[in-house]
Number of protein chains: 2
Amino acid sequence: MQKLAELLKAKKLKVTPQRLAIFNMLYNTTSHPSAETIYKSLQETHPTMSLATVYKTLDALQKAGLIQQLNVGEDSFRYDANVSSHPHVICLECNRVFDLESDILNDLRSKVASNTDFDLISEKVYLYGTCPECKESMKEE
Amino acid sequence: MQKLAELLKAKKLKVTPQRLAIFNMLYNTTSHPSAETIYKSLQETHPTMSLATVYKTLDALQKAGLIQQLNVGEDSFRYDANVSSHPHVICLECNRVFDLESDILNDLRSKVASNTDFDLISEKVYLYGTCPECKESMKEE
DNA sequence: TTTTATGCAAATTGTTTGCAGATAA
DNA sequence: TTATCTGCAAACAATTTGCATAAAA
């Protein structure tokens, strides 16, 4: 928590209980929650925090480069405290989102760079399918 | 146009002037327009067509597998009559969206399949950067 | 004639904004 | 103290929906 407070201060963001709670939650999960999910799961510990504060905090953290926004094709955004440009795999059965290693994009990056003459800055890569667990439970039926 | 009418009929969709106009426009562009852009550019030839009809038509075409929806990270969707699962490069200066060949994803697909045990179904791949033309005009300044 | 599509206006939903009071520095 | 944040309610924008009329099959 101390570490997160330092990260906020380094970006000249005031350290508030709300910000710490949101940042901390994102920092300790790989579930890529949405604003709504974050809001609901912090209801118990921060019952007075509003959804608008969640949105404003996520916006501030994102602008500071401390988190990133994902758009996996749902109707709302998800957030990730892993700010490296890494690909994600999404299970179409359970809707969970998993991280992949960034370096599996190296081949793609170099191919695109040589095919297009673009100066590439970033990328968003989402793969869709069925996760091992859901494959199992589908077999059983 | 005859060809497009056949494609609609094959999907049991009624062939209306609005649907033909929208489908035809998408079929003859690589600009990946949004619903709003399609609506505006068809105003001249189809002044009575409503935006709701554009949305309903895009939805029908998409469900029939005749077009696909893109989410390049803007506040609205774009549409593509190329329904193959191909990557896109987006220029952050001029906001144009370009198609890439599907097969440059082969390496990524096989890497992800072997790393995750997912059964992969599809993918959305967007790369961001500066296109050759915008690189030129930035040099001049 | 039957079925499906269109066009209008109203509804929906995730997200943003304005602002007064509260809190961090 | 003063600069910034919070929380509420209202605003927003892209998209969807209900329904009466119109057009396709």
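So that the names make sense, note that chain A is the first sequence line, chain B the second, and so on, each numbered from 1. Note that the coordinates shown come from a computational prediction; the quantities given were computed from them, not determined experimentally.
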A:Lys9 NZ - C:dA24 P separation (whole Å): 12 Å
Nucleotide-resolved protein contact map, nucleotides 11-17 of chain D, B/S/- at heavy-atom distance under 4.0 Å: ---SBBB
Residue pair B:Ser102 / B:Arg109, side-chain donor-acceptor N/O under 3.5 Å: yes
A:Lys135/A:Glu93 ion pair, N-O < 4.0 Å: no
Parallel, tilted or perpendicular: rings of A:Tyr128 and A:Tyr126 (30°, 60°): tilted
Short N-O contact, B:Lys3 and B:Glu6, less than 4.0 angstrom: no
Residue met sooner reading DNA chain D from 5', once B:Thr16 and A:Lys12 are mapped to nucleotides: A:Lys12
C:dT23 OP1/OP2 closer than 4.0 Å to side-chain N/O of A:Gln18: no
B:Phe118/A:Phe98 aromatic ring centres below 6.0 Å: yes
Spacing of A:Tyr39 atom OH relative to D:dT6 atom C1', expressed in whole Å: 13 Å
Donor-acceptor pair (no angle test) under 3.5 Å: B:Lys14 side chain, C:dT3 base: yes
d(CZ, A:Arg19; C1', C:dA22) in whole Å: 14 Å
Option among B:Asn82, B:Leu26, B:Leu70, B:Thr37 that satisfies the side-chain contact (heavy atoms from CB on, under 4.5 Å) test with B:His32: B:Leu70
Separation of atom CE in A:Met49 from atom C1' in D:dC5, rounded to whole Å: 13 Å
Interatomic distance where CG belongs to B:Leu13 and C1' belongs to C:dT3 [whole Å]: 13 Å
Distance, rounded to the nearest Å, where A:Leu20 contributes CG and D:dC5 contributes P: 13 Å
Plane angle bin for A:Tyr27 and A:Phe23 - parallel if under 30°, tilted between 30 and 60°, otherwise perpendicular: perpendicular
Interatomic distance, A:Glu6 CD vs C:dA25 P [rounded to whole Å]: 11 Å
Euclidean distance, atom CG of residue B:Leu8 to atom P of C:dA5 [Å, nearest integer]: 10 Å
D:dG7 phosphate, OP1 or OP2, under 4.0 Å from A:Thr48 side-chain N/O: yes
Touch class at under 4.0 angstrom, heavy-atom based, for A:Thr53 against every strand present: base
